[in-house]
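Worksheet: one structure, shown below.
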2 protein chains.
Amino acid sequence: MEMRLPDVLVQADAAAGEPPLPEYDLIELLFFAYRDFVGDADRLLADYGFGRAHHRVMHFVSRRPGLTIAELLDLLRITKQSLNRVLKELIDTGFVEQRAGLSDRRQRLLFVSPRGRALALELSELQSARINRALARCEPGTRAAAAGFLAAMIDPMGPDGSRPPRRGLER
Amino acid sequence: MEMRLPDVLVQADAAAGEPPLPEYDLIELLFFAYRDFVGDADRLLADYGFGRAHHRVMHFVSRRPGLTIAELLDLLRITKQSLNRVLKELIDTGFVEQRAGLSDRRQRLLFVSPRGRALALELSELQSARINRALARCEPGTRAAAAGFLAAMIDPMGPDGSRPPRRGLER
DNA sequence: TCCATTATGTCAGCCCTGTTGACATATCTC
DNA sequence: GAGATATGTCAACAGGGCTGACATAATGGA
């Protein structure tokens, strides 16, 4: 029972000229590369009873000290309930600290503690090591090209297009 | 209470010469790019009541017709229990079909049905579109450089280094 | 032919992390 | 003082990882 491709797709193929279909290579490479990339951190995090969500919070708080809850939510694009679950654990275990905002005391400004900074650093070192091993096996200029590609893959606004530009990553 | 960096890290910094620390830009770009990349598919999958796990199975079965369970497990690096949960749903809903192996009848060879092929194609088109929009905004040669970088990021064996080479992605 | 091994299925339960919805609190701003 | 804003919290649910244990069928070698 042979199948007929939807007309839209057939046209797309015909128009593209090139191979039978799309960017399968990059699609699969992104999957494999990202999985192995986060796998490095996963193993270390398990020693502390943390998961990826904790990692992301620690990372951004470490990178942008004084971040507010709202800014963090905007960076991560998760709900406040999801964030609060892991953030509370990070605060209770002393990896993250909070202070009331200066001008607006409703805000909680987030900072990593010394322990938090150390762990965030160790995690970054792990991931940096993989990146540098990879780049060392690539031609010069790969780093800039890869960074440009990845940046161009990002939605500057949310997927709905109705969100304020993401702070800390404007280019 | 100021913190002292572990000697190892201090040495690494001093040796590297360059900025205070690691590849924060690429680390964060990978996170944002991958999140938005899979977000495209997530929205379409929700229409079918499927998740990312279903997507991955459909994708690889569509790309490598006749794949066995063992090969799929090796590609995805998840447990058979995790795989079976989503695979069963894909088979029950008629997106994936299975036939007994030719030489070894214990094996289940997996194929996408016409519906499955159509959905896999639609998902690939979504992701390809993002990739092509991104590449269109980059300099020529970016595609090859990005592919090279991502490929170099992958563990050819498992993270433990004790797994047979991943089929279908040797270079 | 019998048996160990292999390929796969399945049940049960747990964990992490995302979601929605509802409601509480403190603070700011007008 | 009143409404808007920043945040916290409780409860419930879903998706998709995991482990452990056990079942079945087919293979392949002794």
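Every chain is numbered from 1 and lettered A, B, ... according to where its sequence line falls, protein lines coming before strand lines. Quick caveat: nothing in here was measured; it's all calculated off a predicted structure.
The overall bend of the helix from C/dT1-D/dA30 to C/dC30-D/dG1, read as the angle between its terminal helix axes built from five base pairs each, is 20° when rounded to 10 degrees.
We find that CG of A/Leu87 is positioned 7 Å from P of D/dG8, with the value rounded to whole Å. Rounded to whole Å, atom P of C/dT17 lies 13 Å from atom CZ of B/Phe31. The CD1-P distance, from B/Ile78 to C/dG9, rounds to 13 Å in whole Å. In this entry the distance linking NZ of B/Lys80 with P of D/dC18 reads 13 Å, nearest Å. Summarising the geometry, the separation between CG on B/Leu72 and P on D/dG17 is reported as 11 Å, rounded to the nearest angstrom.
For B/Arg105, taking side-chain heavy atoms from C-beta onward, the closest of the listed nucleotides D/dA26, C/dT19, D/dC10 is D/dA26. With D/dT19, D/dA6, D/dT9 as the choices, the nucleotide that has an atom nearest any side-chain atom of B/Thr79 turns out to be D/dT19. For A/Ala53, counting side-chain heavy atoms from C-beta on, the closest listed nucleotide (C/dA7, C/dG18, D/dG8) is C/dG18. Closest approach to the B/Gln81 side chain among C/dT27, D/dT7, D/dT19 is made by D/dT19 (side chain taken as heavy atoms from C-beta onward). Closest contact between the side chain of A/Arg56 and the listed nucleotides C/dG18, C/dT10, D/dG16 involves C/dG18.
Across all strands shown, A/Asp104 has heavy atoms under 4.0 Å from sugar-phosphate atoms exclusively, and none from any base. Using a 4.0 Å heavy-atom cutoff across all strands shown, B/Arg85 reaches at least one base atom of the nucleic acid. Residue A/His55 is classed as having no contact, given no heavy-atom separation below 4.0 Å to the nucleic acid.
Close to C/dT19, at under 4.0 Å from its OP1 or OP2, lies a side-chain N or O of A/Ser82. One finds no side-chain N or O of B/His54 lying less than 4.0 angstrom from the OP1 or OP2 phosphate oxygen of D/dG15.
Of the residues near DNA chain C, A/Phe50 and A/Arg108, the one whose nearest nucleotide (by heavy atom distance) lies more toward the 5' end is A/Phe50.
A salt bridge does not link B/Glu71 to B/Arg64: none of the charged nitrogens lies less than 4.0 Å from a carboxylate oxygen. Under 4.0 Å is where a charged nitrogen must lie from a carboxylate oxygen, and between B/Arg77 and A/Asp36 at least one such pair does. The pair A/Asp25-B/Arg143 meets the salt-bridge criterion, with a side-chain N (NZ, NE, NH1 or NH2) lying under 4.0 Å from an Asp/Glu carboxylate O.
Taking the six-membered ring where the residue is Trp, the centroids of A/Tyr24 and B/His59 are separated by under 6.0 Å.
B/Thr142 places no side-chain N or O within donor-acceptor distance of the main-chain N or O of A/Ala145, the cut-off being under 3.5 Å.
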Assess the residue pair A/Ile131 and B/Met153 against the criterion (side chain to side chain contact (heavy atoms under 4.5 Å, CB included)); give the C-alpha distance rounded to whole Å, side-chain angles, the decisive distance to 0.1 Å, and a yes or no. CA-CA 7 Å; A/Ile131 289 173; B/Met153 288 283 288; 3.9 Å; yes
